[in-house]
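A short worksheet on the structure shown next.
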Number of protein chains: 2
Amino acid sequence: MDPLKVIAVERRRQILELVWRDELSAGDIAARFEVSWPAISQHLGVLKAAGFVTERREGRSRLYRANPEAMGHLRAVIEATWQSRLDDLKAVVEADPRNQEDQ
Amino acid sequence: MDPLKVIAVERRRQILELVWRDELSAGDIAARFEVSWPAISQHLGVLKAAGFVTERREGRSRLYRANPEAMGHLRAVIEATWQSRLDDLKAVVEADPRNQEDQ
DNA sequence: TCGTTGTTTAAGTGGTGACTTAAATATAAA
DNA sequence: TTTATATTTAAGTCACCACTTAAACAACGA
């Protein structure tokens with residue numbers, strides 16, 4: 001799934017926040033939300049497939065944790081496609097006299 | 001609409017790229033895609049409502065252009081919620097010996 | 001004012017995906 | 001083995017939204 005679509009869903013961003021610092025089991029994560037466990041499990045599957053989290057099995061539990069590589073990569077993608085042009089654009093727009101008359 | 005949902009749609013990102021440097025009319029934009037004009041008009045409405053583009057009327061045309069303020073703001077939001085923690089996280093994970101055994 | 005051009009608004013359709021409950025799987029404990 | 005615990009997979013539902021065509025609106029020229 002498109003990484004931007006993955007993080008466009010608020011529930012997944014909430015999950016990511018939870019596993020940002022702490023490695024948590026699927027159950028621990030699910031317990032913090034008022035949706036069903038399968039719903040969380042599905043989100044975890046999406047996050048894992050997109051590389052945003054890693055999974056580690058320990059006994060009966062599956063422990064999840066944010067994957068900083070993927071997070072950094074996403075940021076790089078956003079910056080590569082947007083930020084560099086943003087700097088150019090800002091200069092262009094600010095030098096444009098029309099910039100005073102149109103909101 | 002949630003800014004992340006706005007940019008999660010590829011067509012809207014394509015439109016944004018087009019109006020990044022050049023101010024284009026709705027018709028010029030629509031002509032570059034193989035979808036109907038109303039489809040593009042709707043996307044422009046979403047982009048405008050979210051502040052990603054500005055609209056300027058000139059005669060019968062409506063001219064659109066990327067709004068660097070909003071773009072910069074989005075980037076700030078992403079960095080604020082993610083980047084600062086990313087730095088912390090990277091250190092935490094790299095110092096974790098389990099990082100060698102689980103992929 | 002009447003058509004023409006540029007664009008949006010209206011109304012409807014189809015696909016996707018976030019959710020549900022029920023069933024299946026996996027591991028550990030009794 | 002059997003049972004309990006942890007989690008996923010299966011199957012189905014519902015809402016949303018990107019698209020469509022048709023109609024409306026706006027601004028200009030004849």
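Here B/Leu18 contributes atom CG and B/Phe33 contributes atom CZ; the two are 4.5 Å apart, rounded to the nearest 0.5 Å. Considering OG of A/Ser61 and CZ of A/Arg56, their distance stands at 10.0 Å, rounded to 0.5 Å. Atoms CD and OG, on B/Gln42 and B/Ser36 in that order, are 7.0 Å from each other to the nearest 0.5 Å.
When the P atom of C/dT16 is taken as reference, atom CD of B/Glu10 falls 15 Å away, rounded to whole Å. Atom CZ of B/Arg57 is separated from atom P of D/dC28 by 11 Å (rounded to the nearest Å). What separates CD1 of B/Ile40 from P of D/dT21 is a distance of 14 Å, to the nearest Å. Separating the CH2 atom of A/Trp37 from the P atom of D/dT9 is a distance of 15 Å, rounded to the nearest angstrom. At whole-Å resolution of the value, CD in A/Gln42 and P in C/dA22 are 15 Å apart. In this structure, B/Arg13 places its CZ atom 12 Å from P of D/dA18, rounding to the nearest Å. The interatomic distance linking B/Leu24 (CG) with C/dT7 (P) rounds to 11 Å, in whole Å. The distance between atom CG of B/Leu44 and atom P of D/dA18, rounded to the nearest whole Å, is 13 Å.
Here the shortest heavy-atom pairing between A/Val53 and A/Tyr64 reads CG2-CD2, 4.0 Å.
At the phosphate of C/dT7, OP1 or OP2 sits under 4.0 Å from a side-chain N or O atom of B/Ser61. Between A/Tyr64 and D/dT8 there is a side-chain polar atom (N or O) within less than 4.0 angstrom of OP1 or OP2. OP1 or OP2 of C/dA26 has not a single side-chain nitrogen or oxygen of A/Arg62 nearer than 4.0 Å. Considering only side-chain N and O atoms, A/Arg60 lies nowhere under 4.0 angstrom from the phosphate OP1 or OP2 of C/dA29.
Taking the side chain as every heavy atom from C-beta outward, B/Leu44 and B/Arg62 never approach each other to under 4.5 Å. Proximity of A/Arg11 to A/Ile40: side-chain heavy atoms (C-beta onward) are separated by under 4.5 Å at one or more points.
At the heavy-atom level, B/Arg11 lies under 4.0 Å from the strands shown only through sugar-phosphate atoms. When heavy atoms are screened at a 4.0 angstrom cut-off, B/Ala39 is found touching base atoms of the nucleic acid.
Where A/Val9 and A/Pro38 meet DNA chain C, the nucleotide closest to each residue was compared, and A/Val9 sits on the side nearer the 5' end. Residue order along DNA chain C, read from the 5' end via each residue's closest nucleotide, puts B/Ser41 first among A/Gly59 and B/Ser41.
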Practice prompt. May I have the step-by-step check of side-chain contact (heavy atoms from CB on, under 4.5 Å) for B/Glu10 and A/Asp2, ending in yes or no?
Written response: CA-CA 9 Å; B/Glu10 181 162 24; A/Asp2 176 357; 5.6 Å; no

Item to complete: Output, in order, the C-alpha distance, side-chain angles, deciding distance and verdict of side-chain contact (heavy atoms from CB on, under 4.5 Å) for B/Lys5 and A/Val9.
Response: CA-CA 8 Å; B/Lys5 285 208 191 293; A/Val9 175; 4.2 Å; yes

Practice prompt. With side-chain contact (heavy atoms from CB on, under 4.5 Å) as the test, would you mind laying out the steps for B/His43 and B/Ile29 before giving the verdict?
Written response: CA-CA 11 Å; B/His43 283 308; B/Ile29 297 166; over 6 Å; no

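Near DNA chain C, meaning a heavy atom under 4.0 Å from it, residues 28-36 of chain B has no residue at all.
Side chain of A/Arg12 to backbone of A/Ile7: no donor-acceptor contact under 3.5 angstrom is found.
The side chain of A/Met1 approaches C/dG17 more closely than any other nucleotide in the set C/dG17, D/dC19, C/dT9.
Donor-acceptor pairing under 3.5 Å, judged by distance alone, is absent between the side chain of B/Glu55 and the base of C/dT7.
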Worksheet item: Once Watson-Crick and G-U wobble pairs under 3.5 Å are found, how is DNA chain C written in dot-bracket notation, 5' to 3', with | for any base paired to another strand?
Response: ||||||||||||||||||||||||||||||

